[in-house]
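Step one of this worksheet: look at the structure below.
Only this structure's heavy atoms are used, side chains among them; waters, hydrogens and symmetry mates stay out.
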Amino acid sequence: MTKEQEAFLTRINQYAEKVMADIDPQKTPISVQLENLRPIMETIAAEQNRPLEDIFIEYMDLASEFSVQNAQQFKEDYLDFDMVQDDIYKSH
């Protein structure tokens with residue numbers, strides 16, 4: 001992910017934290033969540049002179065990529081933790 005893409009995602013996510021603080025993402029349909037993000041996405045689309053649909057698509061792609069990266073990092077961290085635990089158990 002480029003720095004520009006990261007800034008783009010961060011900007012939308014910060015907005016989401018403000019306007020959707022009381023929304024449970026597990027129980028709220030994605031269409032409702034995206035509708036709540038529409039104002040920031042319209043702003044970005046206007047700033048970049050791009051269609052709103054392109055902003056929605058880019059956001060969804062980047063959010064998915066970020067999620068995969070986080071899951072991979074968690075898996076690596078968990079694997080490291082398991083290795084440390086195995087070493088501790090073997091040493092006793």
Side-chain angles (χ1 to χ4, degrees):
M1 186 177 309
T2 68
K3 290 197 181 287
E4 292 82 15
Q5 290 171 324
E6 190 174 320
F8 173 89
L9 185 59
T10 298
R11 183 175 177 191
I12 294 173
N13 286 340
Q14 287 175 342
Y15 179 86
E17 288 173 13
K18 291 177 190 172
V19 300
M20 297 192 307
D22 299 332
I23 292 176
D24 181 353
Q26 300 298 325
K27 296 179 181 176
T28 306
I30 193 72
S31 60
V32 173
Q33 294 178 49
L34 288 173
E35 193 59 38
N36 280 296
L37 297 177
R38 187 188 252 323
I40 188 64
M41 291 187 183
E42 287 175 336
T43 299
I44 293 169
E47 291 171 358
Q48 296 181 3
N49 196 28
R50 294 172 54 197
L52 179 61
E53 294 79 12
D54 288 356
I55 301 300
F56 275 110
I57 292 167
E58 184 174 357
Y59 172 72
M60 295 302 290
D61 287 347
L62 292 175
S64 293
E65 182 180 332
F66 183 75
S67 179
V68 168
Q69 287 174 352
N70 279 351
Q72 182 63 32
Q73 186 61 50
F74 177 80
K75 186 176 178 182
E76 290 171 10
D77 291 348
Y78 186 74
L79 181 61
D80 290 344
F81 179 72
D82 279 350
M83 291 175 148
V84 169
Q85 278 191 321
D86 287 345
D87 290 344
I88 291 170
Y89 291 129
K90 288 176 185 175
S91 66
H92 286 82

Same cluster or not: [X] versus [Y], using hydrophobic residues (I, L, V, M, F, W, Y) connected whenever any side-chain heavy atoms lie under 4.5 Å apart?
| X | Y | answer |
| --- | --- | --- |
| Val68 | Ile12 | no |
| Met60 | Leu52 | yes |
| Ile57 | Leu9 | no |

Counterpart residues, side-chain hydrogen bond (donor to acceptor under 3.5 Å, both in side chains), relative to Gln5 (two or more places apart): Thr2
Euclidean distance, [Y] [atom2] relative to [X] [atom1], rounded to 0.5 Å:
| X | Y | atom1 | atom2 | answer |
| --- | --- | --- | --- | --- |
| Phe56 | Arg50 | CZ | CZ | 12.5 Å |
| Met41 | Arg11 | CE | CZ | 11.5 Å |
| Asn49 | Ile44 | CG | CD1 | 14.0 Å |
| Asp61 | Glu65 | CG | CD | 8.5 Å |

Minimum heavy-atom distance Phe8-Leu62, with the two atoms named: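 Looking at all heavy atoms of both residues, the closest pair is CD2-CD1, 3.5 Å.
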Any donor-acceptor N/O pair, Ser67 side chain to Ala63 backbone, under 3.5 Å: no
Just list the side-chain donor-acceptor pairs under 3.5 Å for residues 17-28, sequence neighbours left out, or say none.
{"unit_1": "Asp24", "atom_1": "OD1", "unit_2": "Gln26", "atom_2": "N", "d": "3.0"}
{"unit_1": "Thr28", "atom_1": "OG1", "unit_2": "Asp24", "atom_2": "O", "d": "2.8"}

Side chain to side chain contact (heavy atoms under 4.5 Å, CB included) evaluation trace for Ile55 with Gln48: CA-CA 9 Å; Ile55 301 300; Gln48 296 181 3; 3.9 Å; yes
Salt bridge (charged side-chain N to carboxylate O under 4.0 Å, His left out) evaluation trace for Arg38 with Glu35: CA-CA 5 Å; Arg38 187 188 252 323; Glu35 193 59 38; 3.3 Å; yes
Check against side chain to side chain donor-acceptor pair (under 3.5 Å), Asn13 and Tyr59: CA-CA 10 Å; Asn13 286 340; Tyr59 172 72; 3.3 Å; yes
